A.B. asks: 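Next up is a structure, given as structure tokens.
Numbers for residues simply follow the sequence, beginning at 1. These figures come from a predicted structure and were not determined experimentally.
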Amino acid sequence: MDKEQAKFILQARRPGGQDDADPEVIEALEMANQEQELQLWLDEEEEFDGVIVGRLKTLKAPDGLKDAILAGGKVTHPTPLWKQPAYLAVAACFAVLLTLTFLSMPSSAEPQPVDQFAVEYVAKLTKLSHKGNNLDELKRWLGDRPVQVPRGLVDVPMMGCCAGSYDGRTFRIICFKPNEDGLRPEIHLLVFDREDMPDMPEVQEALLGQHGDWASASWSEAGLSYVMVRVGKKESLKQLL
């Protein structure tokens with residue numbers, strides 16, 4: 001199986017995990033786990049699928065549709081050419097393409113502030129694409145970017161990392177787990193390309209924010225931009241910089 005075949009199989013994989021016992025799906029997932037580029041593609045594909053599923057769940061069927069379908073099934077008529085299965089399949093494909101195009105169009109509204117986005121994203125985070133506690137290994141998975149871990153996190157155990165997207169801009173997350181009590185002691189470091197976040201201040205002037213029980217710190221350094229979030233007070237993040 002090559003990379004394109006793996007992508008084709010993973011694109012058809014249902015998000016609920018119903019297909020994960022299939023031998024071809026297992027082989028494609030193992031390939032993604034071993035190849036960084038394929039794993040990043042899969043992360044973004046799963047995130048996009050989640051957006052599509054969420055949007056579709058908000059759609060409501062018209063009143064009386066079920067009764068109309070059942071009533072129509074009781075009457076037999078010659079099937080017009082444009083209603084035959086092959087033509088319906090083509091029409092369905094066009095409908096899906098139009099839906100995906102509409103959903104992927106950039107919004108004219110201002111994007112959510114990145115620190116607020118980071119808090120909400122991390123609060124819902126349930127899995128890591130790459131698990132490990134070796135920073136050099138994680139940096140290779142991150143694409144050998146010059147990641148500067150805040151001085152207060154240098155000796156903190158790492159859990160792993162994953163990828164995400166903010167307003168069309170890809171980012172990576174490194175997760176740390178201090179040896180502290182509490183339900184959510186983890187600290188999450190989102191890493192962006194600096195050109196995607198031109199308004200981020202230098203680390204000496206990091207922006208601190210408080211979002212309910214969550215705190216955030218945002219800054220840029222050495223070609224990258226960062227957002228660090230955790231449950232707690234924002235002062236606890238300032239001490240890590």
Side-chain angles (χ1 to χ4, degrees), residues 36 40 43-44 47 106-126 128-241:
Q36 173 188 338
L40 292 177
D43 291 341
E44 295 174 359
E47 182 180 5
S107 171
S108 59
E110 284 292 320
Q112 184 180 25
V114 66
D115 53 348
Q116 181 66 41
F117 163 83
V119 166
E120 294 181 7
Y121 189 93
V122 167
K124 296 183 290 186
L125 187 64
T126 58
L128 300 175
S129 300
H130 186 88
K131 296 182 180 180
N133 56 11
N134 183 287
L135 181 58
D136 291 333
E137 179 183 347
L138 293 183
K139 282 184 176 181
R140 286 194 295 273
W141 189 88
L142 290 164
D144 291 320
R145 297 179 178 183
V147 177
Q148 301 291 325
V149 174
R151 57 179 178 79
L153 291 179
V154 171
D155 297 321
V156 175
M158 285 174 290
M159 301 167 58
C161 53
C162 60
S165 178
Y166 163 71
D167 193 37
R169 290 163 278 190
T170 300
F171 62 87
R172 308 288 181 259
I173 303 178
I174 306 177
C175 298
F176 300 81
K177 189 168 185 179
N179 297 317
E180 299 177 3
D181 296 329
L183 295 176
R184 298 293 297 263
E186 300 90 353
I187 300 173
H188 305 267
L189 186 66
L190 284 69
V191 184
F192 297 83
D193 288 327
R194 188 165 188 172
E195 61 186 20
D196 290 337
M197 296 292 173
D199 297 330
M200 290 280 199
E202 294 294 329
V203 62
Q204 297 86 350
E205 301 175 354
L207 293 175
L208 301 177
Q210 191 70 47
H211 315 271
D213 294 334
W214 289 79
S216 67
S218 310
W219 73 94
S220 290
E221 184 176 8
L224 295 174
S225 295
Y226 304 85
V227 182
M228 181 167 53
V229 298
R230 73 172 307 180
V231 172
K233 299 298 182 182
K234 60 184 180 181
E235 289 75 19
S236 66
L237 293 182
K238 186 175 183 179
Q239 297 171 3
L240 299 175
L241 297 174

A.B. asks: Taking the side chain as C-beta and beyond, is there a heavy-atom pair between K131 and C162 under 4.5 Å?
C.D. replies: no

A.B. asks: S216 pairs by side-chain hydrogen bond (donor to acceptor under 3.5 Å, both in side chains) with which of R230, H211, K234, Q116?
C.D. replies: H211

A.B. asks: Compare all side-chain heavy atoms of V227 with those of V229 and state whether any distance is below 4.5 angstrom.
C.D. replies: yes

A.B. asks: Check whether any side-chain heavy atom of I173 sits under 4.5 Å from a side-chain heavy atom of C161, and report yes or no.
C.D. replies: no

A.B. asks: Between E221 (side chain only) and S225 (backbone N and O only), is there a donor and an acceptor less than 3.5 Å apart?
C.D. replies: no

A.B. asks: With a 6.0 Å cut-off (strictly less than), is the heavy-atom count around CD of E202, excluding the residue itself, greater than 12?
C.D. replies: yes

A.B. asks: What's the separation between atom NE2 in H188 and atom NZ in K177, rounded to the nearest 0.5 Å?
C.D. replies: 10.0 Å

A.B. asks: Mind checking whether W219 and Y226 have parallel, tilted or perpendicular rings, split at 30° and 60°?
C.D. replies: parallel

A.B. asks: Measuring from atom CG of D115 to atom CE of M228, what distance do you get when rounded to the nearest 0.5 angstrom?
C.D. replies: 12.5 Å

A.B. asks: Side chains of D43 and S129: donor-acceptor distance under 3.5 Å anywhere?
C.D. replies: yes

A.B. asks: Which class fits the ring pair F192 and F171: parallel under 30°, tilted 30 to 60°, perpendicular over 60°?
C.D. replies: tilted

A.B. asks: Taking everything shown except D193 itself, do over 12 heavy atoms lie less than 6.0 Å from its CG?
C.D. replies: yes

A.B. asks: Can you tell me how far CD of E235 sits from CG of L240, rounded to the nearest 0.5 angstrom?
C.D. replies: 12.0 Å

A.B. asks: For a 4.5 angstrom cut-off between non-hydrogen side-chain atoms, does R194 reach L224?
C.D. replies: no

A.B. asks: Short question: side chain of R169, backbone of D196 - any donor-acceptor pair under 3.5 Å?
C.D. replies: yes

A.B. asks: Between P157 and F176, is any pair of side-chain heavy atoms under 4.5 Å apart?
C.D. replies: no

A.B. asks: What closest approach, in Å, do S218 and P201 show between heavy atoms, and which atom pair accounts for it?
C.D. replies: O-CG, 3.8 Å

A.B. asks: Set out, in order, the CA-CA distance, both residues' side-chain angles and the distance that settles side-chain contact (heavy atoms from CB on, under 4.5 Å) for L190 and V114, then state yes or no.
C.D. replies: CA-CA 10 Å; L190 284 69; V114 66; 5.9 Å; no

A.B. asks: Taking the side chain as every heavy atom from C-beta outward, state whether R151 and L241 have any atom pair closer than 4.5 Å.
C.D. replies: no

A.B. asks: Would you mind reporting whether I187 and L153 have side-chain heavy atoms less than 4.5 Å apart?
C.D. replies: yes

A.B. asks: Would you say R184's side chain and V231's backbone share a donor-acceptor pair under 3.5 angstrom?
C.D. replies: no

A.B. asks: Which heavy-atom pair separates Y166 from P111 by the least distance, and what is that distance?
C.D. replies: OH-CB, 3.9 Å

A.B. asks: Measuring only between side-chain heavy atoms, which start at C-beta, is C175 closer than 4.5 Å to M158?
C.D. replies: no

A.B. asks: Quick one: closest heavy-atom pair of G232 and Q210, and the distance?
C.D. replies: O-NE2, 2.9 Å

